[in-house]
Amino acid sequence: KKLVSSLLEVMPLLHADMQREVIECFPEIIDDRQHDEVVESLLEQMDGNSALLPPVLDALSNLHLDDALLATVQHKVMPKLQSAELQVLPLLVKFLLQTAGSGAESTSVLRSIRGLDVTALRVGSDDGDRETKREREREGASAESLVIDSLRGGFRCNFAITTVVLKELEKTQTEHTPMDVWMLLVLHSLPGHRPKVQAISRKQAKRGALTAATVRRAVAASHSALREYFSDALALAGTLTRDSNPMPRRVGSAFYHTLFVTFEEDFHRQEVLQGLITHTGSASAREVDCALEVARELSANEPIAAELRRHLQFVQNIMDYMEAFADEQIRTLYSIFANLSLSAMRSTGAMPMDDQVHILLRKQLGHPDALYKRMGILGATAMVACFGAVQQPAATDTAAADSIPAELLKYIEGMLEMVFTSCVGQPGCLAFAYDELALAFEQSRSTKIDERILTNIFDRASEDFEGGYLLDLGDNAALSPA
């Protein structure tokens, strides 16, 4: 007892390194009756010198504190979360989670952690050279990983706090924070919590508390820290996409889109595509629509379209389910392939003429079965609308584009000729082709279509109409009654 008292007296006078060593030895030498005195002194040292926070937290976590004293410690530590340095923040999170009970104080602890702005972990000053900025980015990424590890360690060591976390997340009425998404992913990875986490995610998405924007903020900037939880994020994306309510499906789509964009390894992107392919084989039309829309969004934007094209074989596997697709789903699928073909043309300067998609399209148009011919017309007209869209110039480009490349125009004319040839002698087929072309261009009103394509279609329609429904009887001829 005298030794401890002496150490407490001289500790303020010691060098910082000596203070750390003294603090680290307290749990081994103090008597249970001295806890109050030692804790009070440690808290004072922590307030006076933030550099002592790590050894103080380590010492406090190894002391057997009663509930009242523990509540005092937590009350002192919680305010430091918002201003803590990146290296110290994970220690604070882990300490608070491991020492939280199941009462009201645990709710306060949880709310203080949920209030952390995880998107600010990487934010630093713009001052300094490029190497300094990179160093700050590495520190931020390391801090994110350590915070997530602290969440996992706290949840695994303190089962009571996981129950509180799940209840708090489930009853949240306002929009969730990125930290909440981190907690959901960590809890999803722990044995026994997966069904509950999936149910909470669906419920909160339906309520509008879990949004696509929150998912993007939580995952996009922190993908390196969440690498271990990729499979959990993918599982949550699948669960939300299969829901019958459109709001969870919207969040599930955001998960898939964000995972593909931010996780750049081939394995991860192939896993995302495999998940989308699984949805396209579902009996639920809404689930199929959701998966196809994610793929369409990915294919419509460079440089993501180029990355998606590297995994074209996976995307082409969706064609295995095409026979069960509705008309709009077939249009969307072929729009995806059209976008990828345009991406290839921008990259190589040549239109891919012999890939699996174009071969299938020719087979469908030439098939005697009306079902397959209908699919071919749907696909060809959707691709013509995509190919014929004039690329809008950038805001800084004063030369407005008004036409597509000559090679692409030749390809479109050949595709149109293939469609019309397949409808020879079949008026119903020809009428459907014109209906699809009209619908495709109607849906593309916001996009400028090359005038040469419109003129080509108009001339062909006029020719078909005049040849099939008009007759020149001459100047003096009269119609005879039927």
Counting only pairs under 3.5 Å, give me each side-chain donor-acceptor contact of residues 54-62, with atom names and distances, residues two or more places apart or in other chains.
from	atom 1	to	atom 2	distance (Å)
Ser61	OG	Leu57	O	3.2
Ser61	OG	Asp58	O	2.7
Asn62	ND2	Asp58	O	2.7

Checklist entry - Which residues satisfy the side chain to side chain contact (heavy atoms under 4.5 Å, CB included) test with Glu170, sequence neighbours excluded? => result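 Applying side chain to side chain contact (heavy atoms under 4.5 Å, CB included) to Glu170 gives Lys196, Ile200, Lys203.
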Next on the checklist: Suppose we screen for side chain to side chain contact (heavy atoms under 4.5 Å, CB included). Which residues come up paired with Ala213, at least two apart in sequence or across chains?
Outcome noted: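 Listed in chain order: Thr211, Arg216, Arg217.
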[X] (side chain) donor-acceptor with [Y] (main chain) under 3.5 angstrom:
X: Ser41; Y: Val38; answer: no
X: Ser343; Y: Asn339; answer: no
X: Gln270; Y: His311; answer: no
X: Ser282; Y: Thr278; answer: no

Item to check | Contacts of Lys94 that satisfy salt bridge (charged side-chain N to carboxylate O under 4.0 Å, His left out) - sequence neighbours left out | outcome: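 With sequence neighbours excluded, Lys94 shows a salt bridge (charged side-chain N to carboxylate O under 4.0 Å, His left out) to no residue whatsoever.
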Item to check | Pairing residues for Arg227 by the salt bridge (charged side-chain N to carboxylate O under 4.0 Å, His left out) criterion, not counting sequence neighbours | outcome: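 Here the qualifying residues are Glu265.
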Item to check | Plane angle bin for His268 and Phe263 - parallel if under 30°, tilted between 30 and 60°, otherwise perpendicular | outcome: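 It falls in the perpendicular class, over 60°.
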Next on the checklist: I need the full list of side chain to side chain donor-acceptor pair (under 3.5 Å) pairs touching residues 242-261, with sequence neighbours left out, sorted by first then second residue.
Outcome noted: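 Applying side chain to side chain donor-acceptor pair (under 3.5 Å) to every pair that reaches into residues 242-261, excluding sequence neighbours, yields Tyr256-His279.
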Next on the checklist: Salt bridge or not between Arg20 and Asp17? Use side-chain N to carboxylate O under 4.0 Å.
Outcome noted: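 Here Arg20 pairs with Asp17 in a salt bridge, since their nearest N and O are under 4.0 Å apart.
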Item to check | From CA spacing to verdict: side-chain hydrogen bond (donor to acceptor under 3.5 Å, both in side chains), Gln204, Thr172 | outcome: CA-CA 8 Å; Gln204 293 303 95; Thr172 298; 4.7 Å; no
